[in-house]
Number of protein chains: 2
Amino acid sequence: MLEIITPMKTAEAREAVLESARKSETEKRGRKASKEVRQLQLIEATIDSLAKRGYSETTMADVADGAGLSRGIVNFHFESKEKLLVATLAYMADEYAAHWRAALTKAGDDPARQLRALVAADFDRSICNKRKLAAWCAFWGEAKSRPTYQALCGARDAAYQKIFIDLCATLKESGGYAYEPQVMALALSAMLEGLWLRLMMGTEDVTRETALQAANEFLSAAFPKHYPWASGSKPA
Amino acid sequence: MLEIITPMKTAEAREAVLESARKSETEKRGRKASKEVRQLQLIEATIDSLAKRGYSETTMADVADGAGLSRGIVNFHFESKEKLLVATLAYMADEYAAHWRAALTKAGDDPARQLRALVAADFDRSICNKRKLAAWCAFWGEAKSRPTYQALCGARDAAYQKIFIDLCATLKESGGYAYEPQVMALALSAMLEGLWLRLMMGTEDVTRETALQAANEFLSAAFPKHYPWASGSKPA
DNA sequence: TATCATTTGTTGAACATTCATTCAGAATGG
DNA sequence: CCATTCTGAATGAATGTTCAACAAATGATA
């Protein structure tokens, strides 16, 4: 069977491969790229197509064209359209998970800093941009009727949710708040997703900055002892 | 040209027509139903199909079968698949808007009660159920690449958003809060949409009750002077 | 009321298009 | 050479749309 690439090794390795994929866009004919590079190239083209045309209008031909390759190529590297889409979603889910884990690690040991870092990470340009948001939303729209998507769409999955709950519990302890950690964590993570949806829609004048500001306002309201600063300002 | 029905007159009229549509499901052949009833019947079947199969797999044949009618019928009442889908989305958007407006009116003049009523209205069974949520999400997934959908998907539109901002501003005034009303309103409405998304996905153990609880927790955190009660309890 | 004509609603088969998949063969690299 | 990668035309299935025929309601006429 086809062995799907496992996209997450390190962020650097990922970038390197992507760089190769980009470079090869100029010299595109013939057998110029490794299997891994080709697959990533096709996945990127798939994200492009999803963002530009939506799920229902994304075709194999469009993906192939977007990658500058021939029609039959996708069925060679991925067996079917379905598998290409699953691989694309898995790729984005891995990327997302790696991103918040990295942010969490970099935030050190202070729970308040960790929570703030997690929230801010959601609005980094690297993962929070029109293209990727549109692709995410395209999958969300199909997730209910496809168990495979549904499982992967929990990028904000059980592990992610558990971190939120634990952090909320810790902050409640140290701040003497009255909230149920589980409930507050749900409210918080739901708001983050909702802000993504708003950003994706792109109506209104909601920007990444506005969205982050709203998320921080939430934090200040929910955990006033830990985030006492006025809206907009940030800690050192 | 085809004159699309305008679905919102009164809630009672709507229900009456739907009732007719339901009744006619038994005696379905021949010319038994008015134009309006048939159109609603087909729209309901479309929502069913969207919920069951997702946007990309919703076909004219499936809609017709779901309504117990023949294949060509949809092109008679709506000119094309595209127009059927637009009519379906418009129907849902109207229903949603009518619902929150009614809730707002019923809440009286107190801003705190109004805001709480708006939030609670979002989780009423009549509009917040698996079927409708799935249909909404199906449209969201396609909205970015279709201006028509994008416009209608703002069921939570400018007017809705403005109400939230005004209410937040009023509460800020009377409660002496420090938040920017616009930002807080964005956080709040985004959270409501995010909770819908979670409900739709249906993973985890998020129920309508849990979601409402989370939303109320948010209100208590953001406006403690106005919603001082502990989580779960409600005012008279 | 009975009969007929016209409008309106409905059907299902035929049609045209789009699209994923297949595959025989070409091109490339080792 | 041999294995691997790639191409592009051919194929077949799925599906939106059209339409000629049919059926039911409505209205006109006597």
Side-chain angles (χ1 to χ4, degrees), chain A residues 1-3 5 20-21 24-42 45-46 49-50 52-88 142 145-146, chain B residues 1-5 20-21 24-43 45-46 49-50 52-88 142 145-146:
Chain A
M1 296 296 116
L2 174 75
E3 71 179 89
I5 56 174
S20 299
S24 75
E25 280 174 22
T26 51
E27 26 147 357
K28 51 188 75 154
R29 292 285 137 154
R31 182 180 174 184
K32 298 269 169 53
S34 77
K35 197 160 200 154
E36 193 177 33
V37 168
R38 265 294 120 86
Q39 292 194 353
L40 276 189
Q41 189 183 356
L42 290 171
T46 305
S49 184
L50 287 171
K52 193 178 37 169
R53 314 172 45 134
Y55 186 98
S56 71
E57 307 247 281
T58 287
T59 65
M60 300 287 263
D62 194 51
V63 169
D65 289 354
L69 297 167
S70 72
R71 297 295 156 92
I73 196 69
V74 182
N75 285 297
F76 177 77
H77 284 289
F78 304 85
E79 282 167 8
S80 65
K81 184 184 185 183
E82 177 64 21
K83 289 191 177 165
L84 167 70
L85 289 167
V86 169
T88 301
E142 295 293 317
S145 47
R146 313 209 187 195
Chain B
M1 292 295 116
L2 174 76
E3 71 179 89
I4 296 289
I5 57 174
S20 298
S24 76
E25 278 174 22
T26 49
E27 26 149 354
K28 53 186 73 153
R29 293 286 138 152
R31 184 181 177 184
K32 299 268 169 54
S34 78
K35 197 160 200 155
E36 194 177 33
V37 168
R38 266 292 122 84
Q39 292 193 354
L40 277 189
Q41 188 183 356
L42 289 170
I43 285 177
T46 305
S49 184
L50 286 171
K52 192 178 39 174
R53 314 174 44 135
Y55 186 100
S56 70
E57 307 246 285
T58 287
T59 66
M60 300 287 261
D62 194 51
V63 170
D65 288 354
L69 297 168
S70 72
R71 296 295 155 92
I73 196 70
V74 183
N75 288 95
F76 177 79
H77 284 288
F78 304 85
E79 283 167 8
S80 64
K81 182 184 185 183
E82 177 65 20
K83 289 190 176 166
L84 167 70
L85 289 167
V86 169
T88 301
E142 295 292 316
S145 47
R146 313 209 186 196

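Residue numbers start from 1 in every chain, and the chains themselves are labelled A, B, ... in the order their sequence lines are given, proteins ahead of strands.
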Handout entry: side-chain N/O A/Arg38 vs D/dC6 OP1/OP2, d < 4.0 Å
Key =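 Yes.
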
How long is the line joining [atom1] of [X] and [atom2] of [N], in whole Å?
| X | N | atom1 | atom2 | result |
| --- | --- | --- | --- | --- |
| A/Phe78 | C/dA20 | CZ | P | 15 Å |
| A/Glu82 | C/dC19 | CD | P | 17 Å |
| B/Gln41 | C/dG9 | CD | C1' | 13 Å |
| A/Arg71 | D/dG12 | CZ | P | 20 Å |
| B/Glu57 | C/dA20 | CD | P | 12 Å |
| B/Ile73 | D/dC22 | CD1 | P | 18 Å |
| A/His77 | D/dT7 | NE2 | P | 9 Å |
| B/Gln39 | C/dT10 | CD | C1' | 15 Å |

Would you indicate which nucleotide in [options] comes nearest to any side-chain atom of [X]?
| X | options | value |
| --- | --- | --- |
| B/Thr59 | D/dT15, D/dC6, C/dG12 | D/dT15 |
| A/Phe76 | C/dT21, D/dT5, C/dT10 | D/dT5 |
| B/Asn75 | D/dT18, D/dT7, C/dT10 | D/dT18 |
| A/Lys81 | D/dT5, D/dG16, C/dT21 | C/dT21 |
| B/Met60 | C/dT21, C/dT10, D/dT17 | D/dT17 |
| B/Lys35 | C/dG9, D/dG8, C/dT10 | C/dG9 |
| B/Leu69 | D/dT7, D/dT15, C/dT11 | C/dT11 |

Practice task
Assign each of A/Gly72 and A/Ser56 to its nearest nucleotide of DNA chain C by heavy atoms, then name whichever residue's nucleotide is nearer the 5' end.
Solution key: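 Mapping each residue to its closest nucleotide by heavy atoms, the 5'-most match is A/Ser56.
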
Practice task
Output, in order, the C-alpha distance, side-chain angles, deciding distance and verdict of side-chain contact (heavy atoms from CB on, under 4.5 Å) for B/Glu82 and B/Arg146.
Solution key: CA-CA 11 Å; B/Glu82 177 65 20; B/Arg146 313 209 186 196; 3.3 Å; yes

To check you understand the geometry: which heavy-atom pair defines the closest contact between [X] and [Y], and what is its length?
| X | Y | value |
| --- | --- | --- |
| A/Arg53 | A/Thr59 | NH2-CG2, 4.4 Å |
| B/Leu50 | B/Tyr55 | CD2-CA, 3.8 Å |
| A/Ala64 | A/Ser70 | CB-O, 3.3 Å |

Exercise for the section: State whether a side-chain donor-acceptor pair under 3.5 Å links B/Ser56 with A/Glu142. Expected result: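 Judged by distance alone, the side chains do pair up.
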
